[in-house]
Protein chains: 2
Amino acid sequence: MAIQVRDTRQKKAIRAAFSSAARPLSPEEALQEAAAHVRGISVATIYRNIHALIAESWLSPVEIPGEPARYEVAGKGHHHHFQCERCDRIYDLPGCTLQPIPGLPGGFALTGHELFLYGLCAACNQSPA
Amino acid sequence: MAIQVRDTRQKKAIRAAFSSAARPLSPEEALQEAAAHVRGISVATIYRNIHALIAESWLSPVEIPGEPARYEVAGKGHHHHFQCERCDRIYDLPGCTLQPIPGLPGGFALTGHELFLYGLCAACNQSPA
DNA sequence: CTGCGTGCAAATGCTTTGCAAAGAC
DNA sequence: GTCTTTGCAAAGCATTTGCACGCAG
């Protein structure tokens, strides 16, 4: 599959969905957003365009432990994510405050890290249990 | 599905697989280990017993971003994991050195975290590229 | 003996892919 | 018009489940 180059109305809608979202979206969420502007858009198209946009470095994947991946517009620099345990939405957290990593077993080489925080988002935190 | 209570030869083999492993195992890895002792053991049995052992708090799941979950024997206390980018194996890291988490957006409540480190394990680090 | 647990195979849920038709340029 | 991208439906994986037989207690 070569990189997609044409600017179709589906691709525009998908870009718009991610651009206007304040948080990483799942393919399903992106589909719903995009479907509001392009009726009949299919999931396959969402997935194909997500991959194309990643190849263009316009999107980057946000892999959540034990959950389907989300995606967000690239270029935000190094940061981590917060998942709400009630609504399952993912939020961006500014920056990375990780201290120098300690005691790796001998012979191991470190190249990167991922940090996830869990809790309640503002919306869920305020609403009744 | 009620908790499984019988000590079948399959369950023994599965427990043995995780007990003797020095690292979290995927269901597939557990199957291969267990199959060496119980011929004809099926994947379904692996999954069913993994869930039963989790319900017994004997196993705990290790969810990896973007990868099928691994499982390890429970009771190790709070710790994190390291994934080798070459062989994809997961290793335990002793303890948690995470500093108090900083600037959460207003109204958010923190309840937990997950940290993953990536790099090369000792074995892969020494072998030719 | 009496069921619970197993193996098998069919069923999921999410993601990917083949193919003919629609549409970008 | 040409060649890419779409929509649909079928195929893939990892995991789950239904069912009849086999084995633990």
Side-chain angles (χ1 to χ4, degrees), chain A residues 1-18 24-56 58-72 83 88-90, chain B residues 1-18 24-56 58-72 83 88-90:
Chain A
M1 184 218 304
I3 292 188
Q4 292 167 263
V5 295
R6 291 187 181 174
D7 206 8
T8 63
R9 106 199 102 93
Q10 289 84 342
K11 190 171 188 176
K12 281 190 230 276
I14 292 168
R15 263 198 306 255
F18 286 106
L25 300 181
S26 66
E28 199 51 45
E29 290 172 315
L31 174 61
Q32 289 173 16
E33 251 308 289
H37 301 281
V38 180
R39 75 285 108 94
I41 188 172
S42 78
V43 231
T45 297
I46 300 290
Y47 281 102
R48 277 188 283 234
N49 275 289
I50 283 176
H51 293 143
L53 289 168
I54 290 173
E56 293 174 22
W58 192 92
L59 263 190
S60 44
V62 179
E63 313 264 17
I64 317 298
E67 298 248 335
R70 297 349 194 242
Y71 303 88
E72 64 183 350
Q83 179 172 34
D88 269 3
R89 276 193 285 254
I90 305 292
Chain B
M1 182 218 302
I3 292 188
Q4 293 168 263
V5 295
R6 293 186 179 174
D7 205 9
T8 63
R9 111 199 97 92
Q10 289 83 343
K11 190 170 187 175
K12 280 190 230 275
I14 291 167
R15 263 198 306 256
F18 286 105
L25 300 181
S26 66
E28 198 52 45
E29 290 171 316
L31 173 61
Q32 290 173 15
E33 250 308 287
H37 300 283
V38 179
R39 75 285 106 92
I41 189 172
S42 78
V43 229
T45 296
I46 300 290
Y47 281 103
R48 278 188 282 234
N49 275 288
I50 283 176
H51 292 142
L53 290 167
I54 289 173
E56 294 173 22
W58 191 93
L59 263 190
S60 43
V62 179
E63 313 264 15
I64 317 298
E67 298 247 336
R70 310 318 208 259
Y71 303 88
E72 65 183 350
Q83 180 172 35
D88 269 3
R89 275 194 285 254
I90 305 292

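We name chains A, B, ... by the order of the sequence lines, and we start the count at 1 in each one.
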> Is there a side-chain polar atom (N or O) of Thr45(A) under 4.0 Å from OP1 or OP2 of dG7(D)?
Replying inline: yes
Quick one: [X] [atom1] to [N] [atom2], roughly how many Å, whole number?
X        : N       : atom1 : atom2 : answer
Arg48(A) : dG7(D)  : CZ    : C1'   : 8 Å
Ile46(A) : dT16(C) : CD1   : P     : 13 Å
Glu29(B) : dA14(D) : CD    : C1'   : 14 Å
Glu67(B) : dA14(D) : CD    : C1'   : 12 Å
Gln10(B) : dG22(D) : CD    : P     : 14 Å
Glu28(A) : dT16(C) : CD    : P     : 14 Å
Ile54(A) : dT16(C) : CD1   : C1'   : 14 Å
Lys12(B) : dC23(D) : NZ    : P     : 15 Å

>> Just to verify, what does Glu28(A) make a salt bridge (Lys or Arg N to Asp or Glu O under 4.0 Å) with, not counting sequence neighbours?
In response: none
>> Run the salt bridge (Lys or Arg N to Asp or Glu O under 4.0 Å) test against Glu72(B) and tell me which residues pass, sequence neighbours left out.
In response: Lys76(B)
> Does any residue of residues 30-44 of chain A have a heavy atom under 4.0 Å from DNA chain D, and if so, which ones, in number order?
Replying inline: Gly40(A), Ile41(A), Ser42(A), Ala44(A)
Would you tabulate the pairs of protein nitrogen or oxygen atoms and nucleotide nitrogen or oxygen atoms of nucleotides 2-4 of chain C closer than 3.5 angstrom?
from: dG3(C); atom 1: N2; to: Arg6(B); atom 2: NH1; distance (Å): 2.5
from: dC4(C); atom 1: O4'; to: Arg6(B); atom 2: NH1; distance (Å): 3.4
from: dC4(C); atom 1: O4'; to: Arg6(B); atom 2: NH2; distance (Å): 3.2
from: dC4(C); atom 1: O2; to: Arg6(B); atom 2: NH1; distance (Å): 3.3

> Can you find a pair of side-chain heavy atoms, one from Arg15(B) and one from Asp7(B), that are under 4.5 Å apart?
Replying inline: yes
> Counting only distance, no hydrogens or angles, is the base of dG5(C) paired donor-acceptor with the side chain of Arg9(B) under 3.5 Å?
Replying inline: no
>> Going by the rule side chain to side chain contact (heavy atoms under 4.5 Å, CB included), which residues pair with Ala16(B) if we only count those two or more places apart in sequence or in a different chain?
In response: none
> Mind checking what makes side chain to side chain contact (heavy atoms under 4.5 Å, CB included) contact with Ala55(B), not counting sequence neighbours?
Replying inline: Ile3(B)
>> Is it the case that the side chain of Lys11(B) and the backbone of Gln4(B) share a donor-acceptor pair, with hydrogens and angles ignored and the cut-off at 3.5 Å?
In response: yes
>> Whether Arg70(B) and Asp88(B) form a salt bridge (side-chain N of Lys/Arg under 4.0 Å from carboxylate O of Asp/Glu) is what I want to check.
In response: no
> Which heavy atom in Phe18(A) sits nearest to a heavy atom in Tyr71(A), and how many Å separate them?
Replying inline: CE2-O, 3.3 Å
> Do you know which two heavy atoms are closest between Pro24(A) and Ile90(A), and how far apart they sit?
Replying inline: CD-O, 3.5 Å
> When the nearest nucleotide of DNA chain D is assigned to Tyr71(B) and to Asp7(B) on a heavy-atom basis, which residue is associated with the more 5' position?
Replying inline: Tyr71(B)
